[in-house]
Amino acid sequence: MRQPLVAGNWKMNGSLNSVRELLKGIKAGIGDVGPAEVAVCPPFVFIPEAQAQLADTPVAWGGQNLSAEAGGAFTGEIAASMLLDFGCRYVIVGHSERRTLYGEDDALVARKFAAARAAGLRPILCVGETLEERQRGTTEDVVGRQLDAVLELAGAAALADAVVAYEPVWAIGTGMTATPQQAQDVHAFIRSRVAGHDPAVADGLRILYGGSMKPGNAVELLAQADIDGGLIGGASLKAEDFLAICKAAA
Ligand code: PGA
């Protein structure tokens, strides 16, 4: 059985005050959530605050990005070892906003994935197609290519303990959600692609859905056989909504 995982991607939102409130709210309600694993990914500068508040709770925390390099003259970058220093368990890799707004290509994403693994962080590898790619019927080509880049560089064994998040770009922050069947189809494709390399790793791999998941649609999405949790953007900024999704996953 795969333990469900619900991870909040806070993106570039919040202030020290609002983050304190949000963490307080999550802490207050986490006891009722049940067996799902829960994690939050705050902006880098708020990670120490998350660590301080969550250290004695079952909630994990992580980064939203990392450098492919281990250290050195890379102004503005954050290394995997630095995230580990602040107790991070997870790091999001290859989010579509990084891919489209910051030009991260499959090769760079694969290097970041490998850097996270090498340091002992669990990457949450994001894959997903744009609306145009879906309409052209190339969803599996795109998602397959994004996965293959990681499989080729890091090997299938590196996916053990890692997480994949299927995030159709057209569903992120738009209020448009993939139907449970659309999501399930791509999740099953991802699992079969990994199974082609290593069936045991594929079987244990947690594949999250991301893209306008909310309390109102979480139950249906999470009921699908290959949907093992969610990567939550907008709805993770309200403790009540985030906790409701965590409950739905449990
Ligand atoms: P959303 O974002 O839930 O606001 O659509 C998800 C994500 O980008 O990870």
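Both ligands and their constituent atoms are indexed starting at 1 by order of listing.
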Tell me the contacting part of Asn9 for ligand 1: side chain, backbone, both, or neither, using a 4.0 Å heavy-atom threshold, strictly below.
side chain
Could you check whether any heavy atom of Ala171 sits closer than 4.0 Å to an atom of ligand 1, since that is the contact criterion I want to use?
yes
Lys11 near ligand 1, heavy-atom distance under 4.0 Å?
yes
With sequence neighbours left out, the residues meeting salt bridge (charged side-chain N to carboxylate O under 4.0 Å, His left out) with Glu152 are none
Starting from atom 4 (O) of ligand 1, which protein heavy atom do you reach first, and at what distance in Å?
Gly234 N, 2.8 Å
Identity and distance of the protein heavy atom lying nearest atom 7 (C) of ligand 1
Glu167 OE2, 3.2 Å
Say whether Ile172, considering both its backbone and side-chain N or O atoms, lies within less than 3.5 Å of an N or O atom on ligand 1.
no
Take a 6.0 Å sphere around CD of Gln224 and say whether it holds more than 12 heavy atoms from other residues, nucleotides or ligands.
yes
For the 3.5 Å polar cut-off, considering only N or O atoms, please tell me whether Gly210 and ligand 1 meet it.
no
Carboxylate-amine/guanidinium proximity below 4.0 Å for Glu140 and Arg145
no
Carboxylate-amine/guanidinium contact Arg99 Glu104, below 4.0 Å
no
Taking salt bridge (charged side-chain N to carboxylate O under 4.0 Å, His left out) as the definition, give me every residue that meets it alongside Glu21, ordered by chain and number, with sequence neighbours left out.
Lys24
Give me the residue, atom name and distance of the protein heavy atom closest to atom 3 (O) of ligand 1.
Gly233 N, 2.9 Å
Which pair of heavy atoms, one from Ala160 and one from Arg117, lies closest together, and at what distance?
O-NH1, 2.6 Å
N/O of Thr174 under 3.5 Å from N/O of ligand 1, yes or no?
no
Between Val38 and Val59, is any pair of side-chain heavy atoms under 4.5 Å apart?
yes
Minimum side-chain heavy-atom gap Cys126-His95 below 4.5 Å
yes
Is there a nitrogen or oxygen of Ala235 sitting under 3.5 Å from a nitrogen or oxygen of ligand 1?
no
What are the atoms of ligand 1, with element, lying closer than 4.0 Å to any heavy atom of Leu231?
6 (C), 9 (O)
Out of Met176, Gln64, His95, the nearest non-hydrogen contact to atom 8 (O) of ligand 1 is supplied by His95
Carboxylate-amine/guanidinium proximity below 4.0 Å for Arg98 and Asp105:
no
Numbered atoms and elements of ligand 1 in range of Ser212, under 4.0 angstrom, heavy atoms
1 (P), 3 (O), 5 (O)
Quick note on ligand 1: atoms under 4.0 Å from a heavy atom of Gly211 include exactly 5 (O)
Going by atom types only, do Glu129 and Tyr166 share a side-chain donor-acceptor pair under 3.5 Å?
yes
Which of the ligand 1 atoms, numbered from 1, are nearer than 4.0 Å to a heavy atom of Gly173:
1 (P), 4 (O), 5 (O)
